[in-house]
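Here is the structure we will look at, set down as structure tokens.
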Amino acid sequence: MLSEYVPILILFGVVLAFVVAALLVSDLAGRKRSNLEKESAYECGMDAVGNARVRISIHYYLVAVLFILFDVEALFLVLWAVNAKTFTAAGIGGLVFAEIVAFVVVLGLTLAYVWRKGGLEWDR
Amino acid sequence: MTLQKDIFEYRAGAMGELDPDDPLSGQLVELNVGPSHPATHGVLRLKVMADGEIMREVEPVVGYLHRGKEKTCESLGWRKFFVHTDRLDYLQPLLNNCGYAMALEKLAHLEVPERAQIIRVLLMETSRIMSHLIAIGVSAMDLGAISMFFFTFDQREKAYDLIDGYTGHRMNNTYIRMGGVYADIEPELEEQWAGYFEQFLADIDQWEELLTGNRIWYERNRGIAAMTREQALAWGMTGPNLRGSGVEYDIRKAEPYSGYEDYDFEVAVGTLGDAYDRYLVRIEELRQSARICKQALARLKDTRGGEFLAEDRRYVLPPHGDVQSSMEELIHQFKIVTDMRLPRGEAYMGVESSKGELGFYIASDGTAKPLRCHMRAPSLLNIQVLPLLTEGQLLSDMVAAIGSADFVMGECDR
Amino acid sequence: MSRSLEATRERLAPILAGLDHKEEESRDGMLTLRAPQDGVRAVLAGLHAKAGYELCTIVTAVDHDEAPTPRPQDTGGARFEVVWQLHSITSNDRVRVKCWLAGEEPGEAGFSAPTVMDLWPGAAYFERECFDMFGIGFDGHEGLKRLMMPDAYEYYPLRKEFPHGGIEPDRLYKAWDKQRRQPSGGTA
Amino acid sequence: MGSLETVQGALENEGFLATRLDAFVNWGRKNSLWPMPLGLSCCGIEMMALVGPRYDIARFGAEAMRFSPRQADLMIVAGTLTWKMAEVARTIYDQMPDPKWVISMGVCSSTGGMYDSYSVVQGVDSILPVDVYVPGCPPRPDAVLDGLMKLQKKIELERPVQALFKDRTADNEWLEGHGKIQKQPNDSVPQYDPSVGVASDEENG
């Protein structure tokens, strides 16, 4: 059972090794010349004004959550789509399809609700 | 480095000034769309107070490219200042030259020969095309249509070849003199110039499908940065920005100069005065300028061999050959080069530039040192109207507003 | 063709009848009016309201310091003059209004002109630039500060006595450079 | 190119491995110079022509114009630098990570050009250490490409890897002593002093 995962693990190892190596070499080989000006925040060449720790508007959070919601939905759809043939072969294709349709309808309702409540427009 | 701490130290007090009555809205973030920013088309700085994505207050800060041209004119003298006028609106150097030359000629009541006027119209319209090409190409690139930059720049390179062939330099060519142009156009360059416009007009139609009908471009520009007729007039808008708001006013039609009354072309006028209308006005102006250039080239054929520089020896340098041979010409050249004097008085000449009405207000006290040379910069007004165009809209729409307001910092800061 | 000078004069005659102004000859065919310092605001308001001048093309100043021109006799040796140029799109003509300023030094009582910001909002930056370059105050202009030069700049570059190369042009940069390398400086 | 050849000749007697690693690092750096375009005025338009289809700067690996100094290692100062903008230019230069180079494009940034007025910096090298000056007003794009190639040659001569292993001050004195590299004749131009990172002008008064 484990042998099926070996290629992926090798790939994972190589990628990890490459990333770690790149970081290590640049950290060791690079000459550190940090000074006050280099550390200062970049604001189009001007001295940074104001304080970055400000309470952000709620809309950013709303947009992020909505994105995650429909992104995960897409994930499930892909899972179903990939195995559609095996389900129909196993005879339960119709049932699984009904479940997926129900899933999509429920999320469609949430989308309609959010749309009507104005969650998608930016300015309230 | 003990110093690191106090920069990133968390200041508890800052959270205190939250907006008590509206828990949903965040605080105003003070942003700096600073002098070095790809979307500001030059060294403009916008101080923005943003509430989330909506810009509450926008304050433009200019002066990062102020080279003191008006002071330089007072010490250089009228003739040597020609070189500086190229660097005003460096997208259309020859058009600034013509504006300045016409202002001097208006003050000196100097007549320009007909062929020189036609060459000037040709150069001005080609400069307008090159300036609009960058305006459309770069503002489209800012909004994501990167390929538009390469299309417009391809056309601009071809126009550079023509201007390079005639004046010897791609940009900043200072080829206009008081009383006409520096040298005549060779016949084969005229054919080459005429050939340019066929493929240019075909290329514009290609952009129309690519951009004008494009849903994203339409959504990003329609209704953004809109100003009404009255607002446009009150804020001193001229040129494509004014015509975008529905006011049909073009100096080439209202106060024709340099023979513009003999060319037939239409004035493109928008309706809603938003970024999309200004874009449509600019595309239409590209076509009209190409049309004018074709007529100018046809008229150049008829007046081939005509005079291209006035003969008035008080202001116009004698041809080089004569200076070697005759004594008076040498004296004329010496007098003009050392201290060319304009008659006492003042004059204003407004020229239809691609940004608006580029005006030169010159005052002379009869001596060789100019008393005053003030340049009316349409770009300064296009920047001044930015708060009106962007306040209350989204931060990402500021890019469309800046692209459609279309200013050049060299002309704004002088 | 834009209206000739005579046509503009007839058109404006009834409007400017009661206002204190004088016409001057001009070389470029644009009607030029000279108004006293306190009467110029009325002339401008009149032109804006009744004569349909929608656009304010130029607000600038001219420094006649050592110019040898014999200045008009009734100016009493004034040195600065402020020039407004207005433009009417509907009747397609232009007019130039000028006035001599009494004072000569920035901050002096007579050294200011009335603002036209409320008539033409577009003139706000012109007036700020005029203040920046000459030091001429514009009373009634909210937010009159430098436009081109840095705010801490203390000279007025376009005045004739100011040298072309500037007085110690890099002073502000050096101060900024020294200040930011102090520990407390940084970006606090 | 006289000065570059002489310096190259002087450095031939370095160790084999170090020079090979140096050559490799320099090859990587010079072919991936990401420019930070400080497009100020007319030269900025010619810099756009550089990126344009005809004078394609992508052939030199430098077409990724980064507008944030954090990702750039070549600053192209294109246009007239005024004293008000000098602070911005200096801040952006400081915020660029090492190794960084500066191309001063056009006469305005190299020497103040036609503007000797009250508000123009008479030469960017009074506030930034400049590697390559490109003359012209504006320089044709192929002139800037030539400047970029000269910069690439200059980068080839640097010894970044050896700088790690060996203290280079002895070599520098030897090279200056033998006239291989001249000390900057004009003392008024502040030296690029990496330790402070800022051309501090206390030394030169």
Side-chain angles (χ1 to χ4, degrees), chain B residues 1-4 6-7 60-64 66 68 70-72 74-76 103 106-109 230-231 233-238 242 247-249 251 254-256 261 343-350 357 359 361 363-367 369 371-372 374 376 380-381 383-385 388 413-414, chain C residues 1-2 25-30 32 54-58 60-69 81 83 85 87 89-90 92-94 96 98 119-126 128-129 132-133 143 146-151 157-160 162-166 182-188:
Chain B
M1 287 280 282
T2 57
L3 150 91
Q4 297 292 48
D6 67 358
I7 293 178
V61 178
V62 291
Y64 286 94
H66 175 62
E70 293 177 357
K71 183 80 177 179
T72 312
E74 283 166 16
S75 53
L76 270 189
K106 202 172 199 180
L107 183 59
H109 292 170
E230 293 67 30
Q231 279 174 333
L233 282 171
W235 286 89
M237 287 291 108
T238 49
L242 183 63
V247 177
E248 182 170 354
Y249 176 73
I251 302 176
E255 296 161 356
E261 61 275 4
R344 205 162 67 85
E346 57 196 357
Y348 172 78
M349 177 66 203
E357 175 187 337
Y361 168 77
S364 154
D365 52 18
T367 66
K369 247 167 77 63
L371 180 62
R372 179 77 166 100
H374 174 64
R376 178 201 190 270
L380 183 66
L381 294 160
I383 285 173
Q384 185 181 343
V385 89
L388 176 80
D413 291 345
R414 284 180 298 280
Chain C
M1 260 319 283
S2 81
E25 52 87 22
S26 80
R27 280 193 68 90
D28 64 346
M30 186 189 297
T32 309
E54 302 99 349
L55 265 175
C56 174
T57 314
I58 276 184
T60 188
V62 181
D63 179 356
H64 288 268
D65 186 12
E66 74 270 358
T69 56
E81 70 171 337
V83 181
Q85 261 190 190
H87 180 183
I89 288 185
T90 45
N92 191 11
D93 61 9
R94 294 172 188 258
R96 181 183 298 135
K98 297 168 37 164
L119 305 175
W120 297 279
Y125 271 20
F126 288 148
R128 270 181 64 185
E129 187 191 356
D132 183 3
M133 289 296 144
R146 286 190 177 268
L147 183 71
M148 298 293 179
M149 301 307 287
D151 293 346
L158 263 180
R159 296 174 70 97
K160 291 287 189 197
F162 185 77
H164 177 246
Q182 263 56 22
S184 69
T187 54

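Here is how names work: the chains are called A, B, and so on, in the same order as the sequence lines, proteins then strands, and each is numbered from 1.
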Legend entry - Heavy-atom pairs under 4.5 Å with chain B, option from Met149(C), Arg96(C), Glu25(C) with the top count: Arg96(C)
Inset, instruction - Check each atom of Pro121(C) against the heavy atoms of chain B and say whether the ones under 4.5 Å are side chain, backbone, both or neither. - result: both
Legend entry - Main-chain N/O of Arg27(C) paired to His109(B) side chain as donor or acceptor, under 3.5 Å: yes
Legend entry - Minimal non-hydrogen separation, Gly122(C) against Gln384(B), with atom names: O-OE1, 3.0 Å
Legend entry - Backbone of Ala61(C) reached by a side-chain donor or acceptor of Arg372(B) within 3.5 Å: yes
Inset, instruction - With a 4.5 angstrom heavy-atom cut-off, could you sort out which part of Arg146(C) is near chain B: side chain, backbone, both or neither? - result: neither
Legend entry - Contacting moiety of Leu233(B), where chain C heavy atoms sit under 4.5 Å: both
Legend entry - Contact origin within Val247(B) toward chain C - heavy atom pairs under 4.5 Å: side chain
Legend entry - Chi angles and distances behind the side chain to side chain contact (heavy atoms under 4.5 Å, CB included) call for His374(B), Val62(C): CA-CA 9 Å; His374(B) 174 64; Val62(C) 181; over 6 Å; no
Inset, instruction - Sort out for me which of Gly68(B), Ser75(B), Ala234(B) touches chain C most, counting heavy-atom pairs under 4.5 Å. - result: Ala234(B)
Inset, instruction - Flag the pair Asp28(C) / Tyr348(B) as yes when at least one side-chain heavy-atom distance between them is below 4.5 Å, and no otherwise. - result: yes
Inset, instruction - Find out whether Thr60(C) and Arg376(B) are in side-chain contact, i.e. whether some heavy atom of one side chain is under 4.5 Å from a heavy atom of the other. - result: no
Legend entry - Separation between CE of Met148(C) and CG of Leu380(B), rounded to the nearest 0.5 Å: 5.5 Å
Inset, instruction - Please look at Thr72(B) and chain C and tell me whether the side chain, the backbone, both or neither of the residue comes under 4.5 angstrom of a heavy atom of that chain. - result: both
Legend entry - chain C interface, residue from Gly350(B), Gly236(B), Ala347(B) that has the most non-hydrogen pairs under 4.5 Å: Ala347(B)
Legend entry - Ring centroid separation Tyr249(B) to His87(C) under 6.0 Å: yes
Inset, instruction - May I ask you to name which of Leu119(C), Thr32(C), Leu147(C) has the most heavy-atom pairs under 4.5 Å with chain B? - result: Leu147(C)
Legend entry - Per-residue contact mode, Leu388(B) against chain C (heavy atom under 4.5 angstrom): neither
Inset, instruction - Check each atom of Glu129(C) against the heavy atoms of chain B and say whether the ones under 4.5 Å are side chain, backbone, both or neither. - result: side chain
Legend entry - Interchain contact, Met237(B) with chain C, by part (heavy-atom threshold 4.5 Å): backbone
Legend entry - Pairs of heavy atoms under 4.5 Å with chain C: top-ranked of Thr238(B), Val61(B), Leu242(B), Val62(B): Val62(B)
Legend entry - Proximal component of Ala103(B), with respect to chain C [non-hydrogen, under 4.5 Å]: neither
Inset, instruction - Measure Thr57(C) against the heavy atoms of chain B and call it side chain, backbone, both or neither at under 4.5 Å. - result: both
Inset, instruction - Answer whether the closest heavy-atom distance between the side chains of Met133(C) and Lys71(B) falls below 4.5 Å. - result: no
Legend entry - Sub-4.5 Å side-chain heavy-atom contact between Lys98(C) and Glu346(B): yes
Legend entry - Region of Gln231(B) that comes under 4.5 Å of a non-hydrogen atom in chain C: neither
Legend entry - Stepwise side chain to side chain contact (heavy atoms under 4.5 Å, CB included) test for Glu248(B) and Ile89(C): CA-CA 9 Å; Glu248(B) 182 170 354; Ile89(C) 288 185; over 6 Å; no
Legend entry - Residue Glu230(B) versus chain C: region with a heavy atom under 4.5 Å: neither
